[in-house]
Protein chains: 2
Amino acid sequence: MPQLAMEMEATARVLKLLGDPTRLTILAILNKRECCVCELLEVFSTSQPAISQHLRKLKDAGLIKEERRGQWVYYSLRPQSEYYSLLQAVLSYVPDQGENIRKIETANPTARCGC
Amino acid sequence: MPQLAMEMEATARVLKLLGDPTRLTILAILNKRECCVCELLEVFSTSQPAISQHLRKLKDAGLIKEERRGQWVYYSLRPQSEYYSLLQAVLSYVPDQGENIRKIETANPTARCGC
DNA sequence: GACTTATATAAGTACTTAATTATATAATGA
DNA sequence: TCATTATATAATTAAGTACTTATATAAGTC
């Protein structure tokens with residue numbers, strides 16, 4: 001298989017990952033701020049395992065990275081990715097995430113109690 | 001459902017269409033020149049119905065248009081598409097199609113005989 | 001009109017995907 | 001250590017997808 005065909009397939013693979021509304025929204029949010037899983041959960045009406053599975057796919061593709069901090073695992077974009085600039089280009093066409101960010105910060109799920 | 005969520009889903013739907021190597025390559029080729037089905041067929045190692053089905057999906061999404069000329073149906077990008085600029089942005093990250101264009105023009109499938 | 005070429009559609013199928021529920025692992029704190 | 005919270009993984013399942021083969025439609029040619 002010629003090199004170009006391989007690159008085409010790899011590019012298509014990344015675009016297919018972006019072609020899911022949940023993943024695309026996750027990426028758009030992470031482009032504004034890192035988030036842990038329980039923060040992302042505030043945004044979607046789906047289960048925690050579903051979010052974890054989406055995050056795993058994005059991580060396996062090298063688009064995001066994770067960092068554990070105590071009981072939380074924070075996810076953020078990986079600017080080192082070969083596809084970071086493609087990702088940024090695509091995200092510039094995606095609706096603003098202000099509303100979802102606000103939802104996260106209002107719920108503030110990492111600050112249970114603190115009385 | 002909020003408007004933004006709908007836009008996000010529509011955008012993801014387009015990206016999912018781009019997330020297939022055959023369709024992505026078709027779009028990259030059509031970005032260089034219009035083609036009929038039998039020309040595209042020269043590029044891929046798949047059946048004619050498979051190509052027609054990909055073209056139909058792209059047409060249903062408004063990304064391409066068709067125009068019959070005699071026995072051939074020519075497909076081309078549809079610059080009026082709401083997603084044309086997203087498409088162009090993505091295509092700028094896709095491998096050059098010079099090789100495939102050359103393959104089409106060498107095979108020249110619309111010029112059977114002509115002796 | 002019969003034959004050929006180009007393309008589309010239909011039906012069937014193998015594979016993939018994204019969800020769910022159940023459970024495992026990991027960290028925290030009483 | 002036990003209970004709780006956060007997250008990941010496993011197993012299952014329903015739905016979606018991209019192909020195949022067979023056939024239909026449409027145009028061109030003799």
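Reckoned from all heavy atoms, side chains included, excluding hydrogens, waters and symmetry mates. A note on names: the letters A, B, ... follow the listed sequences, proteins ahead of strands, and every chain is numbered from 1.
Remark: C1' of dA27(D) and CD of Glu66(B) are 15 Å apart, rounded to the nearest angstrom. dA6(D) atom P lies 16 Å from atom CG of Leu55(A), rounded to whole Å. In this structure, Ile51(B) atom CD1 and dA18(D) atom P are separated by 12 Å, rounded to whole Å. The distance between atom CG of Leu15(A) and atom C1' of dT17(D), rounded to the nearest whole Å, is 17 Å. We find that CZ of Arg13(A) is positioned 13 Å from P of dT16(C), with the value rounded to whole Å. Distance CZ (Phe44(A)) to C1' (dT7(D)): 17 Å, rounded to an integer number of Å. The interatomic distance linking Gln71(B) (CD) with dA27(D) (P) rounds to 11 Å, in whole Å. Rounded to whole angstrom, the span from the CZ atom of Arg56(A) across to the C1' atom of dA19(C) amounts to 17 Å.
Hydrophobic cluster membership differs between Leu40(A) and Trp72(A), with clusters built from Ile, Leu, Val, Met, Phe, Trp and Tyr side chains linked at under 4.5 angstrom. Phe44(B) and Tyr74(B) end up in different hydrophobic clusters when Ile, Leu, Val, Met, Phe, Trp and Tyr side chains are linked at under 4.5 Å.
Crowding of Lys103(A) atom NZ: a count of heavy atoms from other residues, nucleotides or ligands under 6.0 Å exceeding 12. Atom CZ of Arg56(A) has 12 or fewer heavy atoms from other residues, nucleotides or ligands within 6.0 Å.
Within 4.0 Å (heavy atoms only), Tyr75(A) reaches sugar-phosphate atoms of the nucleic acid but no base atom.
Look at Ser47(B) and you'll find a side-chain N or O under 4.0 angstrom from OP1 or OP2 of dT20(D). Considering only side-chain N and O atoms, Thr46(B) lies under 4.0 angstrom from the phosphate OP1 or OP2 of dT20(D). Within the structure, a side-chain polar atom (N or O) of His54(B) is placed less than 4.0 Å from OP1 or OP2 of dC19(D). Phosphate proximity of dT17(C) to Lys57(A): absent, as no side-chain N or O sits under 4.0 Å from OP1 or OP2. Between Lys16(B) and the phosphate of dT17(D), there is a side-chain N or O to OP1/OP2 separation shorter than 4.0 Å.
Distance from the side chain of Gln53(A) is smallest to dA10(D) among dA8(D), dT20(D), dA10(D).
Using a 4.0 Å cut-off between a side-chain N of Lys or Arg and a carboxylate O of Asp or Glu, Lys65(A) and Glu67(A) do not qualify as a salt bridge.
Within residues 17-39 of chain B, the residues having any heavy atom closer than 4.0 Å to DNA chain C are, in order of number, Cys36(B), Val37(B), Cys38(B).
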Quick one: do Asn31(B) and Gln88(B) satisfy side chain to side chain donor-acceptor pair (under 3.5 Å)? Show the steps, please. CA-CA 8 Å; Asn31(B) 198 31; Gln88(B) 288 299 324; 2.9 Å; yes
Assess the residue pair Val73(A) and Arg68(A) against the criterion (side-chain contact (heavy atoms from CB on, under 4.5 Å)); give the C-alpha distance rounded to whole Å, side-chain angles, the decisive distance to 0.1 Å, and a yes or no. CA-CA 4 Å; Val73(A) 178; Arg68(A) 180 174 277 277; 3.8 Å; yes
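A donor and an acceptor atom sit less than 3.5 Å apart, one in the side chain of Gln48(A) and one in the base of dA8(D).
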